[in-house]
Amino acid sequence: MPNVRANVKPNTEKALTPLAYVIRAITLINHKGEKADIQNIVTDFSITESLYSAGMMLRLSIKDTANFIEEYQLIGQEIIEVNIGRHDYTSPDWIDVKLKFWVTEYPVYGRDRQHNTQVYSITGITQHAYASQFKIISRGISGLVSDEIRRVFENDVQTPKIGTWDKTASRFSGVLPLLHPLDAAYWLLRRAYDDQSAPFFLYETLRGGVNLSSLTNLISKEKNPIYRTYNDGRYYSTEPGSIEDFYERLNRIYTIASDFKLSKVLPTVANGAYASSNAYLDIATKTIKTEIFDYQKKLNSANTLNGNTVLSDKFKVPMIDEPKISDTFNGFTEYFPTNSLSYSSDGSIFNYHTLMVNRAGMYNSKVETLDTIVHDVTVAGDFNMCSGKKIILQVPKSIDPEEFEISILKGNADELYDRTISGIYLVTGVVHQFSSQYFCKLRLKRDSFTYDVNKS
């Protein structure tokens, strides 16, 4: 079972290290309404959130030696309540996390005949994600896309908590097709953009509820400041059990695995990351308008995570005229049917398809280039860590240790870190993993480098 009070100061709920957590209850409610605290048979559990998901998922691993699965008639119609938290080292306040999950499946089952034990896992999702599958909606809509999405969550699935909710620049009139509420929200999300033609993300976090955030605001220094800096190191330099030790462990990278998509040019040429031709066919006027997108001309590097671009203006494509990558707009062409006279005789009211006119190129580029470098990083447990936060990674260069020490002695801090790997990242996913200790497994992405690739 999870170590309920590991790394906690005796007779208190104060965490001595950031790997600590306290379980107050893990309660299973069966189809009859009968309750059982199952924390003693849970071996480990995790809560997963993602910038690309409007709901969270719980996964429990169970070791059952008391025939619990039969005694409580587990039939897939259960609710699981999780109550966990802790006092951080210096905080007088209890960090309280209370969540409900509706069981969706029992994906793993096995028996140990020698010890007469059965093991299985339980998967559950949050209320609105579960309730959405039991309802179909369709209605006329008119207004901001962000307002329509909010109505889905407040009225159709009645989500318990709404967090940050950015306003879209996009608005249209039309009919919401027959869809489950969450599917309808994602259908609307495809046409959600801000005044920078940046996409929006619809996601749920551990403590913040359901959020709608634009990529522009997530990148913004003012609206979304750096949450924490994490360092990749081997040794600890502070006294164990001290406040300095707590924060040193909190800011440490425990593991890192990377998906270097530096050769992303080839797979994303087909998705319009750096150049595209976008054709808008107006069926009302029988005309076609073509928009050419050039990454190097139209992208404002100030609107990226690290204030730079990812394309070199010196690199040439091996063709007769040797174009730059951003000039190869014929490599990707997308067609959008529009109807400028839908809902109006003068084209003043947008419909669903008209929304993307003159925006598709930039929109697609922002979505694709966010995957320029991807890291999977394990850090110490943090109940305030969530999708949408920005962090800094500081990863030392792979150089001779003696050279590293010389750089430290000379005070050349900027020379200590690998600038290709280090820098500002957006947290796009978090797995809160609870076993004998509490870790956060982060999925990190970024759309730019820490240095200017075109600087001489």
Q: Do the side-chain N and O atoms of Gln77 and Asn30 include a donor-acceptor pair separated by under 3.5 angstrom?
A: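 No pair is found: no donor N or O on one side chain lies under 3.5 Å from an acceptor on the other.
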Q: Would you kindly say whether Thr428 and Tyr203 are connected by a side-chain donor-acceptor distance under 3.5 Å?
A: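 Side chains of Thr428 and Tyr203: no pair found under 3.5 Å.
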Q: Do Leu212 and Arg150 have side chains that approach each other closer than 4.5 Å (heavy atoms only, starting at C-beta)?
A: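 No; the side chains remain at least 4.5 Å from each other.
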Q: Determine whether Glu239 and Glu244 make a side-chain contact, defined as any pair of heavy atoms from C-beta on separated by less than 4.5 Å.
A: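 SC-SC contact between Glu239 and Glu244 ruled out.
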Q: Are a donor atom and an acceptor atom from the side chains of Asp37 and Gln39 found within less than 3.5 Å of each other?
A: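 A donor-acceptor contact under 3.5 Å links the two side chains.
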Q: With a 4.5 Å cut-off on side-chain heavy atoms, are Glu49 and Ile47 touching?
A: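 No, their side chains stay 4.5 Å or more apart.
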Q: Quick check: closest heavy atoms across Thr126 and Gly55, and the distance to 0.1 Å?
A: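 So the minimum-distance heavy-atom pair works out to OG1-CA, 3.6 Å.
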Q: Could you check whether any side-chain heavy atom of Leu393 comes within less than 4.5 Å of a side-chain heavy atom of Tyr425, counting everything from C-beta outward?
A: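 Answer yes - side chains close enough.
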Q: State, without any angle test, whether Thr309 and Gln296 hold a side-chain donor-acceptor pair at a distance under 3.5 Å.
A: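 Not at all, the side chains of Thr309 and Gln296 share no donor-acceptor pair under 3.5 Å.
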Q: Would you check if the side chain of Lys298 reaches a backbone N or O of Ile292 as a donor-acceptor pair within less than 3.5 Å?
A: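 Such a contact is found between Lys298 side chain and Ile292 backbone.
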Q: Report yes or no: do Tyr254 and Asp232 form a side-chain donor-acceptor pair below 3.5 Å?
A: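 No donor-acceptor contact under 3.5 Å links the two side chains.
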Q: Please give me the minimum heavy-atom distance between Ala198 and Thr216, naming the atom from each residue.
A: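 Minimum heavy-atom separation between Ala198 and Thr216: CB-OG1, 3.2 Å.
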Q: Of the non-hydrogen atoms in Lys390 and Ser220, which two are nearest, and what is the gap between them?
A: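 Closest pair (atom of Lys390, atom of Ser220, distance): NZ-O, 3.3 Å.
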Q: Cation-pi check, Arg249 to Tyr236: give yes when NZ or CZ is under 6.0 Å from the six-membered ring centre and within 45° of the ring axis, no otherwise.
A: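 Yes, a cation-pi geometry holds between Arg249 and Tyr236.
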Q: Please identify each residue that fulfils salt bridge (charged side-chain N to carboxylate O under 4.0 Å, His left out) with Glu248, with sequence neighbours left out.
A: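 Glu248 satisfies salt bridge (charged side-chain N to carboxylate O under 4.0 Å, His left out) with Arg252 once adjacent residues are dropped.
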Q: For residues Lys35 and Leu28, determine if any side-chain heavy atom of one lies less than 4.5 Å from a side-chain heavy atom of the other.
A: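 With C-beta onward as the side chain, the pair stays apart.
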Q: Could you tell me whether the side chain of Lys135 and the main chain of Asp156 form a donor-acceptor pair under 3.5 Å?
A: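 Here the side-chain-to-backbone pair exists.
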Q: Carefully, step by step, assess Thr420 and Tyr451 under the rule side-chain hydrogen bond (donor to acceptor under 3.5 Å, both in side chains).
A: CA-CA 8 Å; Thr420 300; Tyr451 51 86; 3.3 Å; yes
Q: Return yes if some donor-acceptor pair links the side-chain N/O of Ser146 with the main-chain N/O of Thr168 below 3.5 Å, else return no.
A: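 Pair found, side chain donor or acceptor close to backbone of Thr168.
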Q: Before accepting this row, confirm whether a basic side-chain N of the pair Asp418/Lys397 lies closer than 4.0 Å to the acidic partner's carboxylate O.
A: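 Salt bridge: no.
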Q: Could you check whether Tyr109 and Gln118, counting side-chain N and O atoms only, form a donor-acceptor pair closer than 3.5 Å?
A: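 Present: a donor and an acceptor within the cut-off.
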Q: Check for a donor-acceptor pair, side chain of Thr328 on one end and backbone N or O of Ile325 on the other, with a separation under 3.5 Å.
A: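 A pair under 3.5 Å: yes.
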Q: So that I can tick it off, tell me whether Asp44 and Arg59 are bridged by a salt bridge, with the cut-off set at under 4.0 angstrom between side-chain N and carboxylate O.
A: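 So Arg59 does not pair with Asp44 through a salt bridge.
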Q: Is the charged tip of Arg207 near the ring of Phe383: under 6.0 Å from the six-membered ring centre and within 45° of its axis?
A: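 No cation-pi geometry.
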Q: So does Ala54 get a backbone contact from the side chain of His128, meaning a donor-acceptor N/O pair under 3.5 Å?
A: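 A pair under 3.5 Å: yes.
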Q: Assess the pair Phe434 and Tyr21: is the distance between their ring centroids shorter than 6.0 Å?
A: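 Yes, the ring of Phe434 comes within the 6.0 Å limit of the ring of Tyr21, centre to centre.
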Q: So, Tyr193 versus Tyr363, ring centres under 6.0 angstrom or not?
A: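 No, too far apart.
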Q: Does Thr372 use its side chain to pair, donor to acceptor, with the backbone of Thr369 at less than 3.5 Å?
A: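 A pair under 3.5 Å: yes.
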Q: Taking Thr104 for the side chain and Thr123 for the main chain, is one N or O donor matched with an acceptor at less than 3.5 Å?
A: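 Pair found, side chain donor or acceptor close to backbone of Thr123.
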Q: Write down the atom of Gly381, the atom of Arg86, and the distance for their closest heavy-atom approach.
A: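 What the structure gives for the nearest pair is O-NH2, 2.9 Å.
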Q: Less than 4.5 Å apart, side chain to side chain, heavy atoms only: is that true for Leu218 and Phe201?
A: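 With C-beta onward as the side chain, the pair touches.
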Q: Please test Ile80 against Ile122 for side chain to side chain contact (heavy atoms under 4.5 Å, CB included), starting from the C-alpha separation and ending with a verdict.
A: CA-CA 10 Å; Ile80 297 176; Ile122 306 176; 3.8 Å; yes
Q: Show me the donor-acceptor pairs, under 3.5 Å and distance only, between side chains in residues 96-103 and residues at least two apart or in other chains.
A:
| from | atom 1 | to | atom 2 | distance (Å) |
| --- | --- | --- | --- | --- |
| Asp96 | OD1 | Trp94 | NE1 | 2.9 |

Q: Check Phe449 against Ile373 and note the closest heavy-atom contact, atom names and distance.
A: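 Result for this residue pair: CE2-CD1, 3.9 Å.
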Q: Using the side chain to side chain donor-acceptor pair (under 3.5 Å) rule, pick out the option among Ser365, Ser276, Ser326 that qualifies with Asp294.
A: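 Of the listed residues Ser365, Ser276, Ser326, the side chain to side chain donor-acceptor pair (under 3.5 Å) partner of Asp294 is Ser326.
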Q: Would you call Glu148 and Arg151 a salt bridge, using N to O less than 4.0 angstrom?
A: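 Result for this pair is yes, salt bridge flagged.
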Q: Considering non-hydrogen atoms only, spot the tightest contact between Lys389 and Asn384 and give its length.
A: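 So the minimum-distance heavy-atom pair works out to CE-O, 2.8 Å.
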Q: Please answer whether the main-chain N or O of Thr27 pairs with a side-chain N or O of Glu81 as donor and acceptor at a distance below 3.5 Å.
A: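 Side chain of Glu81 to backbone of Thr27, a donor-acceptor pair under 3.5 Å: no, none is there.
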Q: Under 4.5 Å between any side-chain heavy atoms of Phe200 and Ser213, yes or no?
A: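 No, too far: nothing below the 4.5 Å cut-off.
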Q: Indicate whether the side chain of Asn308 and that of Ser448 have a donor and an acceptor atom separated by less than 3.5 Å.
A: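 Result is no, nothing qualifies.
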Q: Classify the side-chain pair Asn251/Asn231 by whether it contains a donor and acceptor separated by less than 3.5 Å.
A: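 Judged by distance alone, the side chains do not pair up.
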Q: Does a salt bridge link Lys167 with Asp147, judged by any charged N lying under 4.0 Å from a carboxylate O?
A: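 Yes, Lys167 and Asp147 are salt-bridged.
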Q: Could you go step by step and tell me if Asp447 and Thr304 meet the side-chain hydrogen bond (donor to acceptor under 3.5 Å, both in side chains) rule?
A: CA-CA 6 Å; Asp447 57 1; Thr304 63; 4.6 Å; no
Q: Quick one: are Leu51 and Leu426 in side-chain contact, heavy atoms under 4.5 Å?
A: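 Yes; the side chains approach each other to less than 4.5 Å.
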Q: Using modelled atom types and a 3.5 Å cut-off, is there a donor and acceptor pairing between side-chain atoms of His87 and backbone atoms of Asp93?
A: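 Checking the backbone N and O of Asp93 against the side chain of His87, a donor-acceptor pair under 3.5 Å is found.
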